[in-house]
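Read through the structure below, which is laid out as structure tokens, and then see the notes.
The figures here come from the full heavy-atom set of this structure, side chains too, leaving out hydrogens, waters and symmetry mates. Reminder, nothing fancy here: chain letters follow the sequence lines and each chain counts from 1.
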Amino acid sequence: MNNSNKNNKDEKKIVLKIFRENTAQKTDRHYDKFNVPYKKWTTVLDALLHVKSYMDPSVAIRYSCRMASCGSCGMKINGIPRLACYTKISELETSTIECEPLPNLPVIRDLVTDFSRFFNHHKNVQPYIQSNDGVDDSDTEKKTFSFYQSPDDVDKYLQFSYCIKCGLCYSACPTVGTDLKFPGPQALAQLYRYFADTRDEAKNRLDIVDDRHGIWRCHFAGSCSKVCPKGVDPALGIQLLRSYMLGISKNEKKLAKKIEIKTNEENI
Amino acid sequence: MERHRMLKESQIMKIHYITGIAAIFVVAVHILMRLIVPFGSSLEYDYIISNYKNIFYVFILESILVLISIHGFNGIRIILLELRQNNAWENMITIMTISATIALIAYGTRTIILANGL
Amino acid sequence: MTDHISHDVLIIGTGLAGLRSAIACAMRNEKLNIGVISKVQAMRSHSVSAEGGTAAVLFSDEGDNIESHIYDTIRGSDFLCDQDVAEKLAHEIPNEIYQLDMWGMPWSRRDDGRIDQRKFGGYSFPRATYAQDKVGFYEMQTLYDTCLKYDNIHFYNEWFCTSILDDGNNNFAGVTAIEMKSGNFVIFKSNSGIIATGGAGRLYSFCTYAYSSTPDGIDMAFRSGLALKDMEFVQFHPTGILPSGILITEGARGEGGYLINNLKERFMKNYAPEKLELAPRDVVCRSMIKEIENGRGFKHETGLDCLKLDLTHLGEERIKERLAGIREIGIKFSGIDIISEPIEIRPVCHYMMGGIHTNIDGQTGMNGLWSAGEAACNGLHGANRLGANSTSECLVWGNITGRLAADYAQKNKEKSIDIAENKILSEEKRIFDGIFRGSGQVNPYDVRKEFTDLMDAKTYIFRNENTLIDGLKKVRELQKLSWKHVDDSSKEYNTNFINVMEIDSLLRIGEIIIIGALNRRESRGAHSRTDYPNRDDVNFLKHTLAYFKDSANPHFSWHPVTLTRYVPAERKY
Amino acid sequence: MKELEHDSRNNLEGLKGWLNPSRYGWERISYWFQRITGVFLLIYFIGHVYETSTIVNGQNAWESFLELTQTVWGHLFLIMVIGASTFHSANGIRLIFTHVGIGLGTPGRPDYPYNPSSLNYRQKSGIWIALILSAAAMYYGFTVLFGE
């Protein structure tokens, strides 16, 4: 609906400047310019897809949900990492919009970057509940529990579970800009999310990032929280985590109460 | 690989914070000593030598030397670690910063001891 | 010649069902090597956009009971639901809720710490387990993160599957896929597989779906000879915002929102006096269209007719606590803050009740191949799905198919996989000669636009013979145009190529929907024929099956509905 | 930590990312200043230890070295040192507080439009105070050094 290519005289137009490069083919880096019509609700993603549909189908771009919940379309728009689907042309208030791939992630082609390093860092912080008896891998002895977790306990980690893994914070972080081994704001905030969860019983979570490229390479430049489209505030999570590591906050959490649920074995 | 280091990074950072805060106090005393007399005369040879003979001031100077060397070179280590990542480079940084810290402290201490004896 | 990758189990799709089945597989048998393929990055699938809740009976101590969940589902489906399937769902879903709790799902809680539930359309008890209004998102992240715990789950992010391979004896043998990053064509070999590729809402221009929700998975199964079931039943959701079609959750009405017409009247009292806004979605959608047709709608500035959803009386605090996500969506994509103003909404394509024909265990017609989630049609939703039952379905059948696929893979571990060379060659020919190196003047994106607008116009909430025939004719015309070509000649990350393959599948599946709707000369659930306004249990209490015969003519047949305890009755809300 | 398979430095922002700190706000500027002043102060410190060591070579050596530094440029350099050390100290204290989780607010349920609580006014004013203190110290240093 937004991509209608009807020519309307009143239609406003914007210049979209798109970064082009095919890394595997070692093509030259250059920018292509397109004149794209827009309305007040047109997002940068709509405009890019308009270009792809009707002007140059070879523009490579990653996109999916178009409602800022999948995290695919992160890119640098006018110098700042943003989600293309979450940035309206009308709110940028410039006559040219420059779209570049997210910095700090290797470019595959045009606006598409390789997230493997980012995902690896996420995986390395063990982003899952570790429980002594919650999940048992042999299904004959499997027990099901329900946890009693007060709304206040949920609020302790809820904010950090808003993370959509879009990589914006990772590409805004100055440390990530030079340090490949630094887990980055996303992974560290996720570590805090599971650390603060009263259902998690992991003992050694904090040791994972207590090394020379770990959490201490955050210098609280705040850029991660500034660009986060979901209000996750990774910088807050990282600082709170450090407070536990320095022993300022007490590192003993009250675990959630567990109630065993009788499973309907005959149905499984 | 990271586990069997002498100090955990969190311990190193504790040292970093403590040396930083402590340095502020001792440096403040050091600067005050320049300001209790007119600035020009605070730099005169005799005044300086008399400073070096004051055991309290010697203690302040030695503290500044140790605290800032540790704090400063650890800061440099952090910046250099962030710049490149491979084992050879990282080991080199560690060795270099530790030796530089020791060397600077030794050199400064030499001045203090010798000046004290003048 | 062509590279191949072997896995014990292959899971295609990384939505809720795909991730749940991957974990089920890994838990069942940690020695299996599990490959999970997705055309997007694993946590980006459209399940993240599910908002409202997951239906489950948790509070039997407060009066809820499983039987009621079963009957609500059956009644909601307009009795086209396979009743044994509904029983299975209702019995198993509470476990899944607790299982997610153990994996770290941030369910919304009551003050005493128990998991909370909210009201949802078509249920006789508040039964939608929720986590604010981002249920699908949290479930996805929880499952994805839990997958990372298992070293035997291997993700293939951004690999586009093009076809299902069998060994010639109706046994699953693998899939062919294109690695988007490099553009390489690769064969995946496996004895056991699960298709969980989700729905196909991008058949419509105005839909709640992600751009990636195209029917390539369903189409792939269809082309391999599997049957598609009940494709004519497309669910429309009452509240999609304009102009984008982004969903406002049914939870908004569950929390007490009103639907109003331009007389500021809660018009649902005229159509469903008992349930009002919380009638099943098909009922609400039809009522909305009737309101609009009777001139009681609003005009959105795009020129589309719409109605409004009023949440202003809920108060700022409640909205911020429970509906923060849709408030954000409203402000960002519609320019309206739901705290202070009613928001313009319109029925929007939301779910495909139909899909790959499976039995109660998710088993398809091919040995070693299962299907789960929206891509599958195990007969749970019948003619109309109840809100919050889709995430339930994904979790339950993700688990069931994962376990079955794991057992099957273990049993057949030693069996060698033979794939006839000519099958691979013909698939390569189809996609590379037929599409990648194809030629033509018609812009495929124009074809897509024309096709999806056509689906919007001809197969919306109310249908009739004339518009359907007209639609079918136009779809066939579009198919014949010379649009199968790719202008982007690079191999790497060629989304143009992917798009054209998606359009290919759109046209094929769109045709099935239209023919299915033509064949079903009755009104049932989400399928309303103005020329046959009544339900016809004598002739049409049965599922539609569609088979791919040759590229021109699909073959249709019928399949009986399993009735166990409940006799079809009139639906009143 | 597991050795990373993906160590491509392609598209890393590198030091260039530091050069334009303004697009990310005050916290980024503070980060940048803290680094620059830190390195600068260490260099000065090494120089200062060397400078003062000339005293052991007697009065002449001390005074001839002192003369080298008692110039307009030498004084300007010293004023920079005063500014840098004031900022580095004041901002450093703020950073230590944040690193132990003080003054950042608590996690909650952010509402659209999101204002991260870690980038609150307390933090911003901390940075401003550090900058103002450092300007005041430089002004004072200026009056002392050039006032005679």
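Counting only distance, with no hydrogens or angles, the side chain of D:R23 and the backbone of A:N78 share no donor-acceptor pair below 3.5 Å. Within the 3.5 Å criterion, the main-chain N or O of D:G101 finds no donor-acceptor partner in the side chain of A:Q239.
For D:Y140, the OH atom is loosely surrounded, since the number of other residues' heavy atoms within 6.0 Å does not exceed 12. Atom CH2 of D:W26 is surrounded by 12 or fewer heavy atoms from other residues, nucleotides or ligands within 6.0 Å. Heavy-atom neighbours of D:Y50 OH from other residues, nucleotides or ligands within 6.0 Å: at or below the threshold of 12. Heavy atoms from other residues, nucleotides or ligands lying under 6.0 Å from CZ of D:F33 number 12 at most. Around CZ of D:F77, the count of heavy atoms belonging to other residues, nucleotides or ligands within 6.0 Å exceeds 12. Counting non-hydrogen atoms of neighbouring residues, nucleotides and ligands closer than 6.0 angstrom, the OH atom of D:Y112 exceeds 12 such neighbours.
Between D:Y31 and A:P174 the shortest side-chain heavy-atom distance falls below 4.5 Å. The shortest distance between side-chain heavy atoms of A:K226 and D:R28 does not fall below 4.5 Å.
In this structure, D:L119 CG and A:F220 CZ are separated by 6.0 Å, a value rounded to the nearest 0.5 Å. A distance of 8.5 Å separates CD1 of D:I102 from OG of A:S249, quoted to the nearest 0.5 Å. Atom CG in D:N11 sits 6.0 Å away from atom CZ in A:R29 (nearest 0.5 Å). The distance from atom CG of A:L105 to atom CD of D:E13, rounded to the nearest 0.5 Å, is 11.0 Å.
Chain D forms more heavy-atom pairs under 4.5 Å with one residue of A:P234, A:G177, A:A196 than with any other, namely A:G177. Of the listed residues A:I215, A:T113, A:T178, A:L236, the one with more heavy-atom pairs under 4.5 angstrom with chain D than any other is A:L236. When D:G14, D:S30, D:G17 are compared by the number of non-hydrogen pairs under 4.5 Å with chain A, D:G14 comes out ahead. Each of A:L246, A:D179, A:I248 has some count of heavy-atom pairs under 4.5 Å with chain D, and the biggest count is that of A:I248. Ranked by heavy-atom pairs shorter than 4.5 Å toward chain A, the options D:K16, D:Q123, D:R9 are led by D:R9. Considering only heavy-atom pairs separated by less than 4.5 Å from chain A, the leading option among D:V100, D:L15, D:I29 is D:V100. Highest contact tally toward chain D, considering only A:G237, A:A172, A:G79, A:P101, is held by A:A172 [criterion: heavy-atom pairs under 4.5 Å].
Proximity to chain D (any heavy atom under 4.5 Å) is restricted, for A:V227, to the side chain, taken from C-beta onward. Residue D:Q34: no heavy atom, backbone or side chain, is found under 4.5 Å from chain A. The part of A:L102 that comes within reach of chain D is its backbone (N, CA, C, O), which places non-hydrogen atoms under 4.5 angstrom from that chain. Contact annotation for D:S117: both backbone and side-chain heavy atoms come within less than 4.5 Å of a heavy atom of chain A. Heavy atoms closer than 4.5 Å to chain A are found in both the backbone and the side chain of D:L104. Residue contact with chain D, scored on non-hydrogen atoms closer than 4.5 Å, is absent for A:Y157. Within the 4.5 angstrom heavy-atom criterion, only side-chain atoms of A:Y162, from C-beta onward, approach chain D.
Taking every heavy atom of both residues into account, D:P110 and A:K230 meet most closely at CG-O, 4.5 Å. Of all the heavy atoms in A:S171 and D:Y24, the pair that sits closest is O-OH, 4.4 Å. D:L95 approaches A:H219 most closely through the heavy-atom pair CD2-O, 4.0 Å.
Under the side-chain contact (heavy atoms from CB on, under 4.5 Å) test applied with D:P107, the options A:D155, A:D233, A:L240 reduce to a single match, A:L240.
Residues passing the side-chain contact (heavy atoms from CB on, under 4.5 Å) test with D:L78, sequence neighbours excluded: B:F39, D:Y44, D:L145.
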